Amino acid sequence: MILASNPCAYTVEETLFGKNGSDHPLYEFRVVDCLKMDKVSPDCPYPGCFFCVMKEGNPSKRRASILKFFRELPSQDDDGQVLPISGLWNTAMAHPNDPEFIELGIFECMVALIWKGLKNRRWLSHDQNIYIPYYAAHIIGSYTMNMEEFAESAIHAGVTPPLVELLRGRLTWVEQRVAVRALGHLATYTNTFPAVASHGEILELAIQLAMSSLEIVYSHFYQYADRRLSYHCDLLTRGMGGVEMESRKAEEWASQLQCWSLQLINCFAFKPEFLPTICKPEFLVKLPGMWGGLVNENSPAGIGLLRTICHHKLGRGPVASCPGIIEALCNIARSSDDWQYMAIDCLLWLIQDPSTCHKVIDKAVPALVDLAEITNLGDHKKLGDYIVNVLQECLQSQGTGRSTISIHVKELIEELLNSKQRLKWEKSMPKEDLHIKQAAALVVKLEGNSLFSSGNIAGAASKYSEALSLCPMRSKKERVVLYSNRAQCHLLLQQPLAAISDATRALCLHSPLNRHAKSLWRRAQAYDMLDLAKESLLDAILFINECSQSNDPDLSSRQNKVPDYAERLVKKQMRAAWLFREAAIKHGGVHGEGDAGDIYGQESDGSEWETASESDIGNDGRAEMGDEYDDDSEWKNEDKRKDKYDKVTLKDLKHGYNVHLAEDQS
């Protein structure tokens, strides 16, 4: 027992690790509280006890004792060494910018401990020493997170070689996770990147880890609950959870392992000499699918790396040669993804590059045209105007040998430019004329509503197109409705790509951006028709957010409850977009895609859909979903694996699954 080996430990506030109550020997200690201790055991048999050292009132003696402690700890074989190291781990997370321990040799101490764990398996398996390499690498990562001078000290202390060994997988995936985190921090700084890059295998290891991390965590931990290493469970949950909590945390850590690998690769991607290694097709094609899941919304993950790659000419060529990547970029650009702007940047750079324009233009232009009325997106000001200018230059370059534009693409760009010209003309028109145009558009829209209600969906879509041609460009609210109504028609006509286009245009016109509830729902359904689970899921979640905040009685949820039709789609897409899904299929954990109909039920056509008119909706929203899921049979045929998202509540959904990845909490 660790605590029995050090009576001073009882003076520290303790938070229990482990699953066996007070019997479990591993505890987490708050060093902040150590510094505030009023009592130190007078019976402490260890002159160099870390907790006694931390209480020392004389600054000179305290520093000398800490220096001695860091020098001697790696050579000691006493029980209970994990105790002070877990305290140092807490200190590093709480005060990563404090230079005291850096100056006194903490990096050298952690390096020696990692090497000891790698070389001396007998010591590693004794007592609780199995935890020490994890804590040591985590401490290195925390202290190098913000301060370049700390990172330089770490490099001089020789942290890179042992971290590389952990990255290789010499121990387990939990140590790989903290090793790639620390190396990612070291690679961020100009002065320390060369030392990291000098280990040529780091980039290759990071690429392999990014591609295999989810499968590693699934097959080595998640899949078999009864085979999980106890120290993994303790580290994941701090001993406070059972199997379900372990599984949730494992998914979060797997996402971190992948995203931190991508962050490390991203540091290399800024250097042109490393792009040939990174830009291999088998890796590039997987990047759009590396999105971090709902547990990691703070990382740009694969799209962030793609943006860095596309920023350089050497990277754009390989990306443009992969049609699947371009399609994925178009989908992300027309989605509720927080990193939407990164996909737009990639498409614009590819279009502007004469060597790649001809490869991407047919796919990229339709998506960019749909986005041309965005005003501001994050830090991108007047993004829509910039898109228009790029597309205009693209059109003007025709015939110069730079690119060949298809008739369809040419028509799309010309239509966009004509709409911008209309806007200029309307600015000089008398208000009376604008009112007449708006009234005419309203009349045609009502005709479209009537046709829709009578079942003439194609006729209704045509009327909405006519109304759009009449409606003043500045009448954004009315144009939002018209585009959204036409998207509804496209859905019923089984034209998902056209529905995505119109719903996206409505969302770009709406203020605030991407917050028009009905358009979100329609685009979610369109993406569902194309089996694009992630895009559908993000739109559906945002739709639920908007419903919960809407003043529209037809959209607001009754008694603060998530609409059934929305909950069903979210459940379906969360399963389809589950981070471990591919690994689970490979290892026999879930049914393959061919069984999706059995799992989720069969879709049916011919249903009561909402009236397309924004102002004439008179139902509770269930008709929007129609009879696509006409009974509850699909939920009676559950998988053997109890899905952790089976019970979806408004508390979970209304904030858009705002589960932040706090990398320094565990």
Side-chain angles (χ1 to χ4, degrees), residues 207 262 265-266 268-291 300-335 337 339-372 374 377 380 383-414 416-417 497 500-501 504:
I207 290 173
L262 293 169
I265 299 166
N266 194 66
F268 283 86
F270 282 105
K271 310 292 183 180
E273 61 267 30
F274 296 106
L275 286 174
T277 302
I278 297 171
C279 294
K280 294 177 180 177
E282 60 270 22
F283 177 57
L284 288 180
V285 296
K286 291 182 179 294
L287 286 178
M290 298 180 187
W291 64 293
I303 185 62
L305 179 55
L306 273 174
R307 183 177 184 270
T308 301
I309 292 170
C310 287
H311 193 262
H312 198 281
K313 186 177 183 65
L314 290 177
R316 289 193 288 270
V319 171
S321 298
C322 298
I325 297 179
I326 306 307
E327 290 182 8
L329 288 172
C330 292
N331 293 333
I332 296 171
R334 294 184 292 188
S335 77
D337 196 305
W339 310 107
Q340 175 189 12
Y341 76 91
M342 291 190 170
I344 297 173
D345 284 344
C346 290
L347 293 174
L348 289 171
W349 292 334
L350 290 165
I351 285 285
Q352 290 176 292
D353 189 332
S355 65
T356 58
C357 180
H358 65 283
K359 295 181 180 180
V360 306
I361 191 169
D362 287 340
K363 294 182 183 294
V365 167
L368 291 171
V369 168
D370 291 340
L371 298 162
I374 289 180
L377 181 61
H380 290 55
L383 179 58
D385 291 341
Y386 181 64
I387 290 173
V388 172
N389 292 336
V390 169
L391 294 180
Q392 185 173 18
E393 291 175 4
C394 182
L395 183 63
Q396 291 171 348
S397 69
Q398 187 181 23
T400 64
R402 169 178 164 178
S403 62
T404 301
I405 300 180
S406 67
I407 294 175
H408 174 64
V409 168
K410 182 178 179 181
E411 289 175 349
L412 284 175
I413 298 176
E414 288 177 343
L416 173 63
L417 297 178
L497 292 175
I500 290 168
S501 174
T504 300

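Source: prediction; values computed, not measured. Throughout, residue positions are numbered sequentially from 1 according to the sequence presented.
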Item to check | Side-chain (R316) to main-chain (I309) donor-acceptor, under 3.5 angstrom | outcome: no
Checklist outcome for this item: Output for pair (H408 NE2, L412 CG), nearest 0.5 Å, gives 4.0 Å
Checklist entry - Between atom CG of L287 and atom CG of L306, what is the distance when rounded to the nearest 0.5 Å? => result 4.5 Å
Checklist outcome for this item: Looking only at heavy atoms, the pair that brings I361 and P366 closest together is O-CD, 4.1 Å
Checklist entry - Can you check side chain to side chain contact (heavy atoms under 4.5 Å, CB included) on I303 and L329, steps first, answer last? => result CA-CA 8 Å; I303 185 62; L329 288 172; 3.4 Å; yes
Checklist entry - So, does N266 use its side chain to make a donor-acceptor pair with the main chain of L262 at under 3.5 Å? => result no
Item to check | Heavy-atom pair of closest approach, residues G317 and K359 | outcome: O-NZ, 4.4 Å
Checklist entry - Can you tell me how far SG of C330 sits from CD1 of I500, rounded to the nearest 0.5 angstrom? => result 11.0 Å
Checklist entry - Can you find a pair of side-chain heavy atoms, one from F283 and one from I265, that are under 4.5 Å apart? => result yes
Item to check | Nearest-0.5 Å distance, NE2 of residue H311 to CE of residue M342 | outcome: 11.5 Å
Item to check | Heavy-atom closest contact (L284 atom, V319 atom, distance) | outcome: CD1-N, 4.2 Å
Checklist entry - What are the two closest non-hydrogen atoms of A320 and L350, and how far apart are they? => result CB-CD2, 4.2 Å
Checklist entry - Roughly how far, to the nearest 0.5 Å, is CD of E393 from CD1 of I413? => result 11.0 Å
Item to check | side chain to side chain contact (heavy atoms under 4.5 Å, CB included) between D353 and K313, worked out | outcome: CA-CA 8 Å; D353 189 332; K313 186 177 183 65; 3.1 Å; yes
Next on the checklist: Do C394 and C357 make a side-chain contact, defined as non-hydrogen atoms from C-beta onward lying under 4.5 Å apart?
Outcome noted: yes
Item to check | side chain to side chain contact (heavy atoms under 4.5 Å, CB included) between V390 and L368, intermediate numbers included | outcome: CA-CA 10 Å; V390 169; L368 291 171; 5.7 Å; no
Checklist outcome for this item: Residues C346 and R307: closest non-hydrogen pair is SG-CA, 3.4 Å
Item to check | For A333, all residues meeting side-chain contact (heavy atoms from CB on, under 4.5 Å), sequence neighbours excluded | outcome: A343, I344, L347, L371
Next on the checklist: If I compare all heavy atoms of I278 with all of I207, which pair ends up nearest, and what's the gap?
Outcome noted: CA-CD1, 4.1 Å
Item to check | Euclidean distance, H380 NE2 relative to D345 CG, rounded to 0.5 Å | outcome: 3.5 Å
